[in-house]
Amino acid sequence: MSAIAVSTTINGDEVEFLCQAEETLLDVLRERLGLTGAKEGCGTGDCGACSVMVDGRLVCACLVLGAEAEGRSIETIEGMANGDELHPLQTKFLEHAALQCGVCTPGFLVAAKALLDANPDPTEEEIRFWLAGNLCRCTGYDKIVRAVQDAAQELRGS
Amino acid sequence: MSFDAKYKAQDYNSVGTRPVRPDGVDKVTGRARYGADFNMPGQLVGRVLRSPHAHARIVSIDTSGAERLKGVKAVVTAADLPDLTNGDQTLFDILDNCMARSKAFYDGHAVAAVAAVDAKTAREALKRIEVEYEVLPHVIDVDEAVKPSAPVLRDDVFTGGVEPKPQTPSNIANRSEFGHGDVDEGFAEADVIVERSFRTEQTHQGYIEPHACVASMNPDGTADMWVCTQGHFVYRQNCADLLGLDVSKLRVTSSEIGGGFGGKTHVWMEPVALALSRKAGRPVKIVMSRNEVFRASGPTSATSIDVKIGAKKDGTITAAQATLRYSCGPYEDIWGEFGAKTSFACYGLKNVKSVGYEVLVNRPKAAAYRAPSAPMAAFAVESTIDELAQKIGLDSIEFRIKNAAKEGTRSSYGPVYGPIGIGPTLEAAQNHPHMKAPLGKNQGRGMACGFWFNFGGQTCTDLNIGSDGTATLAVGTVDVGGARASLSLVAAEELGIPYENVRAVVADTASLGYNDMTDGSRGTFSSSMATISAARNAVKVLRERAALTWDIPVEDVIWEDGCAKATDKKHGNLPPLTIADIAETAGKTGGPIAGHSELVADGAGVSFATHICDVEVDPETGATKILRYTVIQDAGKAVHPDYVEGQYQGGAAQGIGWALNEEYIYGEDGRLQNPGFLDYRIPVCSDLPMIDTQILEIPNPNHPYGVRGVGETSIVPPLAAIANAVSNAAGVRMTHIPMSPPRILAALEGESEG
Amino acid sequence: MQYERPKSLMDAASLLAGAKGSAYALAGGTDLLVIMKNDDFDAELVVDIKSIEGLDEIRETSEAYTVGAAVSCAALGESTMLKEAWPGVVEAANLIGSTQIQGRCTVAGNLCNASPAADSVPALVAAGAKAIIVGPNGNRTIPVEEIPVAPGKTSLEKGEIVEAIQLDKRAPQSGDAYLRFIPRTEMDIAVVGVAVSLSLDDKGLVTSARVALGAVAPTVLLVEPAAEAIIGTKLDDAALERLADVCSAACQPIDDKRGTIEFRKKVSGVLARRAARIAFDRAGGK
């Protein structure tokens, strides 16, 4: 079986890769492109640890085929900071101790950024429901929600 | 020289502050490397074939079809992991769990494994292994398993702890008993007695990162392993024992760990990865799927518990008794014993008796889960305590305060307590605004207490001073939730240098002496003790070097604010030597400056917590909403309060999931029906409110800063606190965890509980 | 397995029709990629329909709205037009999975997955939605309830693809609503789902209604006696009780890992009452 050649854009860079038809975008990112920031917690879209953006939509990379990346624009956790300048969400997650083991953190950050890009002033309830697809087993979500609230406030400049 | 670990009150510069963790940036940028994020050159993909049957004799395994498949480099079965355990039953059970030998004991039990060039080939190879099973009758339920009619799992297990020694094999592997006084006498004195039976279902730790390892074994007997674990030294020992390796030739590196909660204290497929690597002659990576994590790693026990407590009208408990049956999976363990020991630990009781049973069932080997066994016992006891208080007409907190253990109390499991936090957490709860907040329709409040032993154990750290006066701290307890930040604070405190000048790392097994694993809430307790000891040893060297530089007696040099200072006026006004000054010239004063510590951290102070919870129950659907939740717990001393709060909140959240929705659901065929996060329902963000915390600090006399472990106790009270709240909201006593909507609705409708 | 990304519906249909082994249309993939993880999964062909022009559009004609098969539920939820006309359908579609799932899943996919517990399907059935189907033997338009025939099985012929879901323009004084019961607040499969769509006359009496139940039978149930129970009423307590009783009685549920028979029967009545009330309010009922 021949591999599929895919041209795509990842974190603003043009990327080309070969993959098999059954490989997921998550497999491609992690195994072929060395972008291991997205994690496989379940492989079935239930945990959100592999959250990435595809053409501006928040998705689970485990539920996208690698071949579907053709011509699309993909954003991952590796592209969130601007060089050595962390995104305010990243800074607030650190300041609020919003991570313990940290394995869910990349997914939460990508998902939270998607929320704040769409809704700069979410209520606590909106934050909690938006992030319901990102499982965290360590924190009880308290400090995560506070970090998102604080980052939202900073991004609004108030 | 032995280290004096006694508590001394002091003011702190670093300890108690809340700096950003040293591993933080890596974790928010996706750079941190977890179990599955590591690869080795020439690495193969390993996969495990698992039994689809709950109980079956393995008649034969034909691996030839898989071996013939192009790209398959090794296939292993139990034959490739020969029994080297020399009669060590515990070790044999680990081996048997990693790879079934004569029988598959549960749905998901490993029976063979392959290593192939890619995932697709490995998947195809598994299909080509032919296993002939003789399916046997199975038993899943803990109460069914103890009946004489139940199928017996093991013909080599006879109930221990009873006299005379039984002659027939049994699913009850052991009986243990704790207590003192005479409970019959005590019950005779009681004015009111409450007696109830409780059940809790099996839950999983639910760490988000599946088990993952890369194993590489060389023909010369050296081997390396990269693995997500709570204890790489213990994994090294287990793997070396099972593979017949010299312990020191196996180097294990712990990756960043994506949650463990006890589930990563046991080896699962790591010895299999080594066996595959040995056979294939190449590195092998195994990453469990979520399905495998649920079916074949780590759930806690399902339980059935009977409790009887009697009290006088004035609220004095006269006697307390519990019988606790804990499922262990197919191998004997100490889960019933832990349940029996913890059940009445919060109270000072004249007459108390608890009996624990270890019950073998066709479920995966039960593993430690955060304060293992205590939450279920606390659910049963604290529910009964609440009911008893209501019957006597006393406030539930008053009743508990009246009977709470205190310093000098002989605990129900034996030891006499030192200074402890049960009374103070109860008093803090009594005074907490949460207790006085109004409740609405269909709402109820509950509270409960919890206890955990806390452990210490073998610990080793190295502290090296760099040429610029910064410090590297190498620890051997895996950092599961911010420990590197806490330990850096401790090193900074002792050396008198800024937190930012310390870099803490978790060293591999070749770089540091043995450490017990991060369990028993011991990580910060024991490694901070060893860090203090190592830092004080380093300070001794620093003082010696300063003395040498100044050519004065070392006794005249003190260490203060990160500097050596000459104390005696006779030395004139010598300007202090900073740590950087001393480090810079170390090459001329005797070489590198370091402090080491090897110790057994005794005296982990016991830990207590009180939780308060408000719920609203929809009487038409049985749905429960957690409205408000407060955790009050003794930390001894909170080194990094953010991460102490995080432990409190995380334990509470896990307890909430356990109380309301999480459970292993088995079909008639003995197969697990919900091995995934879709139907194994851990709390999601929208399920929970903010979780308020209150840290009490009652110093542990056996730690220089008074630190107690904080990681586990927070999961102990929630089951009971929520059950009490739901019972108060719904007007019906809930005795079966989880209190899922169908169970609550059935209870409300007065039907028998399902 | 082969992956194809045709540009036209006819190409997609002929690819699927020509496959020798099992072949799947891929829209959002939130169900298909999950079953692909199963070691026993074996497919010859996956046809990605997202590059077919127009399939990612929501269109409005004078009589109806059509939702293309590749429109994600997140995009659906951003359609002001549909939220005003069919709020119950949109809220049902927006309940499927997480935010991440919403970014990919589609109502056509939810329908063709043929799960009895699919969230959007009871709402579509209550709304009287139709599926526009293209296939090797021509096109047809059928009520959505005729597509799922059993759990995981549809009435689609080999090579047929649902091109779009069609929803009629709304009569004045109409409203719809969907409620489901799940043990958590998110991320669960419905244990019971109830959709109600109704219209009122000038006096505020219910003139027509459709009530559909999910997760209580092998396929979504359209419960006609439930509609009859509320037609001609202003949803007084007695009518709502009748509605609840009829819905509970109509269930043919099973005991499974998500709920018991008793629970599903009782809760379907409870949710029917609550959903009817919301639909009634949306229709402007008083």
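In what follows, chains carry the letters A, B, and so on, assigned in the order in which the sequence lines appear, proteins first and then strands, with residues in each chain numbered from 1.
Ionic pairing of A/Lys92 and A/Glu95 is present here: one or more N-O contacts between side-chain nitrogen and carboxylate oxygen are shorter than 4.0 angstrom. Using a 4.0 Å cut-off between a side-chain N of Lys or Arg and a carboxylate O of Asp or Glu, C/Lys50 and C/Asp48 qualify as a salt bridge. Under a 4.0 Å N-O distance rule, the pair A/Arg146/A/Asp150 does not qualify as a salt bridge.
Classification of the C/Phe263-C/Phe181 ring pair by plane angle, with boundaries at 30° and 60°, yields perpendicular.
In this structure a side-chain-to-backbone donor-acceptor pair under 3.5 Å is present from C/Arg264 to C/Val191. C/Glu91 contributes a side-chain N or O that, together with a main-chain N or O of C/Tyr178, makes up a donor-acceptor pair within less than 3.5 Å. Between the side chain of C/Glu163 and the backbone N or O of C/Ala69 there is no donor-acceptor pair closer than 3.5 Å.
Here the side chains of A/Ile127 and A/Gln149 are in contact, with some heavy-atom distance below 4.5 Å.
Of the listed residues C/Gly28, C/Ser51, C/Gly29, C/Ala75, the one with more heavy-atom pairs under 4.5 angstrom with chain A than any other is C/Ala75. Heavy-atom pairs under 4.5 Å with chain A were tallied for C/Glu186, C/Arg104, C/Met36; the largest tally goes to C/Arg104. Ranked by heavy-atom pairs under 4.5 Å with chain C, the list A/Gly71, A/Ala114, A/Cys62, A/Gly107 is led by A/Cys62.
A/Glu125 and A/Thr123 are not linked by any side-chain donor-acceptor pair at a separation below 3.5 angstrom, with hydrogens and angles left out of the test. No hydrogens or angles considered: nothing links the side chains of A/Glu78 and A/Asn11 as a donor-acceptor pair under 3.5 Å.
At a 4.5 Å heavy-atom cutoff, A/Leu115 makes no contact with chain C through either its backbone or its side chain. Heavy-atom distances place no part of C/Ala43 under 4.5 Å from chain A, backbone and side chain included. For chain A, no part of C/Ile35 is nearby; none of its heavy atoms comes within less than 4.5 Å. Neither the backbone nor the side chain of C/Glu4 comes within contact range of chain A, judged by heavy atoms closer than 4.5 Å. Only the side chain of C/Ser72 has a heavy atom closer than 4.5 Å to any heavy atom of chain A.
Within residues 39-61 of chain A, the residues having any heavy atom closer than 4.5 Å to a heavy atom of chain C are A/Gly43, A/Thr44, A/Gly45, A/Asp46, A/Gly48, A/Ser51, A/Arg57, A/Leu58, A/Val59, A/Cys60, listed by residue number.
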